[in-house]
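One structure is given here, and the rest of the page talks about it.
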Protein chains: 2
Amino acid sequence: MPESLEPTRREQIMSTAQKMMRSNGYQGTSMRDIAAALQIEAASLYNHISSKEEILRSTCFGMADKFITGINEVNDIYFNAEEKLAMAVRNHIKVLTENLNASFVFIHEWRNLAEESRKEFVSLRDEYENQFRKILETGEEEGLFNEVNNKFAVLTILSSLNWVVEWYRPDGEMNPQQIAEKLNEFILTGLKK
Amino acid sequence: MPESLEPTRREQIMSTAQKMMRSNGYQGTSMRDIAAALQIEAASLYNHISSKEEILRSTCFGMADKFITGINEVNDIYFNAEEKLAMAVRNHIKVLTENLNASFVFIHEWRNLAEESRKEFVSLRDEYENQFRKILETGEEEGLFNEVNNKFAVLTILSSLNWVVEWYRPDGEMNPQQIAEKLNEFILTGLKK
DNA sequence: TATCGACTAACAAACGTTAGTTTATAATGC
DNA sequence: GCATTATAAACTAACGTTTGTTAGTCGATA
C-alpha cells in the first residue's frame, strides 16, 4: 500500500472538526455538522473515530504533548535563564501559530473532556507550568530576575502567550517570530522607559 | 409593598445560571439544569426571563457596562499616564473579582450570542480596548512609556488581567488589591532586575 | 476474497420553548 | 370588613428538533 501524501481521512476529520469547534465550540459543533462539511453522513465518521469526545481528547492531548516537548527541549539545553525564557516563549508561539485551530480548542474547550480525561489533562497543564516556573526560579538564583511570586508570574506570562491565539492571523502584520520577540521584550522589561 | 432585601427571583436565576455556565459552559447548561438548581421546573423560569439567550445577553452586556464605566472614570480624571494605567488595572480587577462568575461568562461565552448581539458586543469590547490604548499613547507622548505596538500591548495586558478569573479564589493568598498592584508592577517593569 | 469507507434507518435521550392551569398573595371596590 | 379582582410564580404536559451513536448493508478497491 503506497504511502500517500494526502492527509488520511482521520486527519481530515480532525482538522475539519477543530476548525468548526474553534468557531462554534465543542458543544456547538455536532457530528452532523462535521460530516456535512466533509460531504458525508454523520454515521460514516465512526469508521474513522470512535466518538465525538475522542476528537476533543486527541486534540487536547496532542497539543499538550507538543507544548511539553517544546519546554523540555529548552530545559535540557544549558543556557542562562533569560535565554531559556526566550526560547520557551519562541517554542510556545511556534506550536501555537502552527496549530491555530487545535490550539484554540486546547485552550478553550478542554473543560468539555469527561471527568477522567480532564483530570489527566489538568495535571499535564500543571507540569507545563512547573517547567516554566523552574526557569523563573533559575533566573532569580542567577540574580537576573526580580524576586516575584513565581506562580503568579507564570500564569500572567502564559495568559499573554495564549491570548495570541485570539488575534493572530497568518496574513497579519506580525509573523510568529516577531510576536515572540515582542512578547519577550514585554515580559522582561515592561512598558516603562 | 415593602422593598425586600432578598434578591429577586430573576436575580437568583441569573446568578445561578452564571455559576453553572462557569462550570459547564453556556451550551453545557440546560434550562432544566438551572431550574433543578433552584428546585423549580424549567418552564417556570420563563415567568422571569424570556429565553436562555437573554441570560447570556444580559450577563455579557451587564459586565461590558461595568468595565466601560470603570475605564471612563479613569480617563475623565486627569492623571499622568502611569497613574491612569494603574487605576484602569485596579478598576478592571475590582469589577472582575466582584463578579467572578459573570466575568467568566463574559470572557468565555460571548461567542454563543446570536449574530446581532455578538456584533454589538464586539464593538463594545473594541471601545474598551481603545480607551486602554489611549492611555498607552498618552504615556508615549509624555515620554514615560517605551514606544511599542500599542494594539499588541493592549491585548497582552488585557489577557493578563482577564486570566485572573481563571485562578483567583476569594480565599486565596492574594486579595484583589494585591493582585492589581502586582500586575501593575509587572506591566511597567517586567521581570528583569 | 477481504477490507475500507461510504450508505440508510433508526434509537433513546435531551433540548428550548409554549400552552394552559393552579395556587397563594396583594390590591381594590363597596 | 368582606368580597372581588389582579398579579406573581409555580405547575403539568407536550411540541418539534436535534443530539450522539449503533446496526446492518453495499459497492469499490487491493
Side-chain angles (χ1 to χ4, degrees), chain A residues 1-21 23-60 105 109-118, chain B residues 1-21 23-60 105 109-118:
Chain A
M1 118 185 73
E3 189 64 25
S4 173
L5 294 178
E6 301 283 314
T8 64
R9 207 63 169 133
R10 186 178 210 275
E11 287 166 340
Q12 290 179 342
I13 291 170
M14 292 297 295
S15 73
T16 301
Q18 286 158 359
K19 190 200 272 184
M20 302 184 79
M21 287 176 184
S23 318
N24 307 116
Y26 175 72
Q27 306 210 51
T29 305
S30 73
M31 295 300 272
R32 283 170 179 81
D33 291 338
I34 299 168
L38 292 161
Q39 293 178 295
I40 58 176
E41 295 296 319
S44 306
L45 295 170
Y46 289 84
N47 287 315
H48 307 277
I49 52 143
S50 68
S51 70
K52 187 185 179 188
E53 210 222 338
E54 198 217 313
I55 298 177
L56 182 61
R57 221 180 317 125
S58 170
T59 302
C60 289
V105 173
E109 303 297 335
W110 61 269
R111 273 168 236 270
N112 293 296
L113 289 168
E115 183 76 0
E116 203 180 353
S117 303
R118 199 168 66 242
Chain B
M1 117 186 72
E3 189 66 24
S4 170
L5 294 178
E6 300 284 313
T8 64
R9 205 64 170 131
R10 186 178 208 277
E11 287 167 339
Q12 290 179 342
I13 291 170
M14 291 298 295
S15 72
T16 301
Q18 286 159 359
K19 191 202 268 184
M20 301 185 79
M21 287 177 184
S23 318
N24 306 114
Y26 175 72
Q27 307 209 53
T29 305
S30 72
M31 295 302 271
R32 284 169 178 83
D33 291 337
I34 298 167
L38 292 160
Q39 291 178 295
I40 58 175
E41 293 297 316
S44 305
L45 294 171
Y46 290 84
N47 286 315
H48 309 276
I49 52 143
S50 69
S51 70
K52 186 185 178 187
E53 211 222 337
E54 198 217 312
I55 298 177
L56 182 61
R57 222 180 315 124
S58 170
T59 302
C60 289
V105 172
E109 303 297 335
W110 61 270
R111 272 169 235 272
N112 293 296
L113 289 167
E115 183 75 2
E116 203 180 352
S117 302
R118 198 168 68 243

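For the numbers below, each heavy atom of this structure counts, side chains included, while hydrogens, waters and symmetry mates do not. The chains referred to below are lettered A, B, ... by the order of the sequence lines, with proteins before strands, and numbering in each begins at 1.
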Rounded interatomic separation in angstrom, taking [atom1] from [X] and [atom2] from [N]:
X	N	atom1	atom2	answer
B:Gln12	D:dA8	CD	C1'	14 Å
B:Glu41	C:dG20	CD	C1'	15 Å
A:Ile13	C:dG5	CD1	P	9 Å
B:Ile40	D:dT12	CD1	C1'	14 Å

Looking at [atom1] of [X] and [atom2] of [Y], how far apart are the two atoms once the value is rounded to the nearest 0.5 Å?
X	Y	atom1	atom2	result
A:Thr16	A:Met21	OG1	CE	10.5 Å
B:Met14	B:Thr59	CE	OG1	3.5 Å
B:Ile13	B:Ile55	CD1	CD1	7.0 Å
A:Arg9	A:Asn47	CZ	CG	10.5 Å
A:Ser58	A:Leu56	OG	CG	9.5 Å

Q | Closest contact, heavy atoms only, A:Ser51 versus A:Tyr46 | A |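 Taking every non-hydrogen atom into account, CA-CE2, 4.0 Å.
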(Q) Below 4.0 angstrom, which residues in residues 30-38 of chain A have at least one non-hydrogen atom near DNA chain C? (A)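 Those residues are A:Arg32.
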Compile the donor-acceptor pairs under 3.5 Å between side chains in residues 29-38 of chain B and protein atoms, sequence neighbours left out, one pair per line.
residue	atom	partner	partner atom	Å
B:Thr29	OG1	B:Met20	O	3.3
B:Thr29	OG1	B:Gly25	O	2.7
B:Ser30	OG	B:Arg32	N	3.4
B:Ser30	OG	B:Asp33	N	3.0
B:Ser30	OG	B:Asp33	OD1	3.4
B:Ser30	OG	B:Asp33	OD2	3.2
B:Asp33	OD2	B:Ser30	N	3.1

Q.
Quick check on contacts: within residues 43-52 of chain A, what sits under 4.0 Å from DNA chain D by heavy-atom distance?
A. A:Ala43, A:Tyr46, A:Ser51, A:Lys52
Q: Taking the side chain as every heavy atom from C-beta outward, state whether A:Glu53 and A:Tyr26 have any pair of such atoms under 4.5 Å apart.
A: yes
